[in-house]
Structures are given as C-alpha cells and as structure tokens.
Amino acid sequence: MTLSKEQKQLMKDDICVEIAGYLMDDYNYSREEAIDVLYTSETFDRLQDDTTGLYYQSPGYVYSFLQNELNKAKVA
C-alpha cells in the first residue's frame, strides 16, 4: 500500500505532537519551547525527509534520535 503525500504528512504531524509532549514532560519546556527545539532539530529534518522512513516509526523511537541530538549539543 502506498501512502499519499497527505497521509504521510498526517503521520509526521502526529509524531511531532507526541514528541513535543515528551519534551515538555522531560525537559519542562513550554509548548512554544518544545516546538522550537523540535522544528530546529536535525531529527525534524530527517522526519520530514520521506526517504528516511522515520514517519513509519513510533514517536518514542523518533524521540530517541532527538534526545541523542540534544545530549550531543550539551557536550559540545
């Protein structure tokens, strides 16, 4: 089954909503801060790239990439 562009975008949007919630819970970010962190991340760019297939993965799995990215930023 091939997904339409709209279906893929809905899946991506759903993942983003979940990840923003995780960021608010885990890092005590406001909604705006969580969205800003997510939307400016490499993880978000990879999620938006259909060739990665990340939109097929669970929000928790995609979030693990963002957590790694945030942890690396703290070390650098």
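Fair warning: this is a prediction, and the values are worked out from it, not measured in the lab.
Taking the six-membered ring for Trp and thresholds of 30 and 60 degrees, Tyr27 and Tyr29 have nearly parallel ring planes, at less than 30 degrees apart.
Leu10 is not connected to Val62 by any chain of hydrophobic side-chain contacts under 4.5 Å among Ile, Leu, Val, Met, Phe, Trp and Tyr, and they are in different clusters. Linking ILVMFWY residues whenever their side-chain heavy atoms come closer than 4.5 Å, directly or via other members, leaves Tyr39 and Val17 in distinct clusters.
Paired with Leu66 under the rule side-chain contact (heavy atoms from CB on, under 4.5 Å), one option of Leu23, Asn71, Leu47 passes, and it is Leu23.
Taking OG of Ser41 as the reference point, atom CG of Leu38 lies at 5.0 Å (rounded to 0.5 Å). Separating the CG atom in Asp36 from the CD atom in Glu33 is a distance of 8.5 Å, to the nearest 0.5 Å. Taking CD1 from Ile19 and OG1 from Thr43, the interatomic distance works out to 7.5 Å, rounded to the nearest 0.5 Å. The line from CG of Asp13 to OH of Tyr55 is 13.5 Å long, rounded to the nearest 0.5 Å. Ile15 CD1 to Tyr61 OH: the interatomic distance, rounded to the nearest 0.5 Å, is 11.5 Å. Taking CD1 of Ile35 as the start and CE of Met24 as the end, the distance is 7.5 Å to the nearest 0.5 Å.
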> Run the salt bridge (charged side-chain N to carboxylate O under 4.0 Å, His left out) check on Asp49 and Lys12 step by step: do they pass?
Replying inline: CA-CA 10 Å; Asp49 180 356; Lys12 294 172 189 177; over 6 Å; no
>> Apply side chain to side chain contact (heavy atoms under 4.5 Å, CB included) to residues Lys5 and Asp50 and explain how you reach the verdict.
In response: CA-CA 9 Å; Lys5 185 176 180 180; Asp50 288 352; 5.8 Å; no
> Run the side chain to side chain contact (heavy atoms under 4.5 Å, CB included) check on Arg46 and Phe65 step by step: do they pass?
Replying inline: CA-CA 10 Å; Arg46 287 194 295 260; Phe65 284 95; 4.1 Å; yes
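With a 4.5 Å cut-off on side-chain heavy atoms, Leu3 and Tyr56 count as touching. No side-chain heavy atom of Glu42 sits less than 4.5 Å from a side-chain heavy atom of Lys72. Under the 4.5 Å side-chain criterion, counting only non-hydrogen atoms from C-beta, Leu54 is in contact with Gln57.
Smallest separation of non-hydrogen atoms from Ala34 and Ala20: CB-O, 3.6 Å.
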